[in-house]
Amino acid sequence: DVKVTQSSRYLVKRTGEKVFLECVQDMDHENMFWYRQDPGLGLRLIYFSYDVKMKEKGDIPEGYSVSREKKERFSLILESASTNQTSMYLCASRFRFRQSNQPQHFGDGTRLSIL
Amino acid sequence: GENVEQHPSTLSVQEGDSAVIKCTYSDSASNYFPWYKQELGKRPQLIIDIRSNVGEKKDQRIAVTLNKTAKHFSLHITETQPEDSAVYFCAAGDSGNTPLVFGKGTRLSVIA
């Protein structure tokens, strides 16, 4: 069974802090994703990574950056946290198989509060 | 790019009744359509998916139908039970590496 692990379930930080959210998957998946989930807005894609060292902007990348130095780990960075970044953050990974889209597997999420 | 619309946003049904959630997509290149269920406080989990070479797929009480001409697909849950209460997300994707595009979700409540 695919295991996507996010380092924290709950996190409280202060405005202006640099915040790191970590995600690790154990299935050697090439693709990894970061979403934020807000009521009524569904899952919005922040950044994704096709493979190690690669990153692409999603729909709402402003205020965020990412790092993928190892295949199993994908980090989301809030450079200077603001209150409007209070949200649930979900990481996902996916196996890349030729030209066929595959299911994305999600972690349990990190509920981040910025005070 | 792809845009996925999902309706309704909330749905209440009596236990034992059927529930239907509908999604439309805009990109004719999309060929993969998964459905995710997210229970309160838990991760979204894949419950069923369908590819464009198939019109319908069933798994026990859940089924998904796809109409490629009309660019819409639907989730059908029969004989609903209280444990079906959750938020359901549809998604669409094309070939290869592009991320799935998700609908905004439907909160299903099954009333005992």
Side-chain angles (χ1 to χ4, degrees), chain A residues 1-6 9-10 23 25 27 29-52 54-61 66 68 74 88-111, chain B residues 1-10 21 23-25 27-54 57 59 64 66 73 86-108:
Chain A
D1 199 19
V2 178
K3 186 72 172 177
V4 179
T5 303
Q6 295 184 229
R9 288 300 307 271
Y10 302 93
C23 175
Q25 49 91 7
M27 287 301 292
H29 285 173
E30 289 82 5
N31 300 167
M32 296 189 75
F33 309 86
W34 275 106
Y35 294 87
R36 66 177 281 176
Q37 183 175 20
D38 301 288
L41 298 179
L43 300 168
R44 292 184 293 167
L45 183 65
I46 305 171
Y47 266 96
F48 61 103
S49 170
Y50 288 130
D51 211 327
V52 182
M54 300 175 72
K55 59 184 177 183
E56 297 285 340
K57 292 180 179 179
D59 300 318
I60 52 164
V66 290
R68 185 125 183 245
F74 192 33
M88 170 68 83
Y89 290 86
L90 287 164
C91 175
S93 72
R94 179 179 69 182
F95 173 60
R96 184 175 67 204
F97 179 70
R98 299 176 186 169
Q99 295 302 309
S100 173
N101 216 313
Q102 297 295 314
Q104 293 179 189
H105 302 269
F106 287 87
D108 285 328
T110 296
R111 185 164 293 283
Chain B
E2 176 65 277
N3 181 51
V4 177
E5 300 279 344
Q6 182 172 347
H7 298 281
S9 56
T10 59
I21 302 170
C23 290
T24 61
Y25 62 98
D27 189 349
S28 57
S30 289
N31 57 17
Y32 176 63
F33 308 93
W35 286 87
Y36 287 81
K37 175 184 181 182
Q38 187 178 28
E39 296 178 57
L40 191 62
K42 296 190 175 182
R43 68 180 72 187
Q45 291 198 298
L46 179 73
I47 55 171
I48 195 167
D49 57 7
I50 191 168
R51 297 188 184 274
S52 60
N53 57 346
V54 175
K57 186 176 179 181
D59 183 4
V64 58
L66 171 65
F73 56 112
V87 177
Y88 291 81
F89 292 97
C90 65
D94 62 14
S95 298
N97 266 343
T98 57
L100 294 173
V101 177
F102 286 86
K104 286 186 166 49
T106 296
R107 182 174 298 279
L108 173 64

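Throughout, protein chains are lettered first and strands after them, A, B, ... in sequence-line order, and every chain is numbered starting at 1.
Chain A is approached within less than 4.5 Å, heavy atom to heavy atom, by B/Tyr36, B/Gln38, B/Gly41, B/Arg43 from residues 34-43 of chain B, ordered by number.
Note: A/Gln37 leads A/Glu30, A/Glu56, A/Gln37 in heavy-atom pairs under 4.5 Å with chain B.
With hydrogens and angles ignored, the 3.5 Å screen pairs no side-chain donor or acceptor of A/Trp34 with any backbone N or O of A/Cys23. Under the 3.5 Å distance criterion, the side-chain polar atoms of B/Gln6 are matched with a main-chain donor or acceptor of B/Tyr88. Checked by atom type and distance alone, the side chain of A/Gln25 never pairs as donor or acceptor with a backbone atom of A/His105 at under 3.5 Å.
Heavy atoms of A/Arg9 lying under 4.5 Å from chain B belong exclusively to its side chain. Using a 4.5 Å cut-off between heavy atoms, B/Leu46 contacts chain A through its side chain alone, with no backbone atom that close.
Under the 3.5 Å distance criterion, with hydrogens and angles disregarded, no donor-acceptor pair is assigned to the side chains of B/Arg51 and A/Asn101.
Between A/Asp51 and A/Arg96 the shortest side-chain heavy-atom distance falls below 4.5 Å.
Classification of the B/Phe102-B/Phe89 ring pair by plane angle, with boundaries at 30° and 60°, yields perpendicular.
A 6.0 Å sphere centred on CZ of A/Arg44 holds more than 12 heavy atoms belonging to other residues, nucleotides or ligands.
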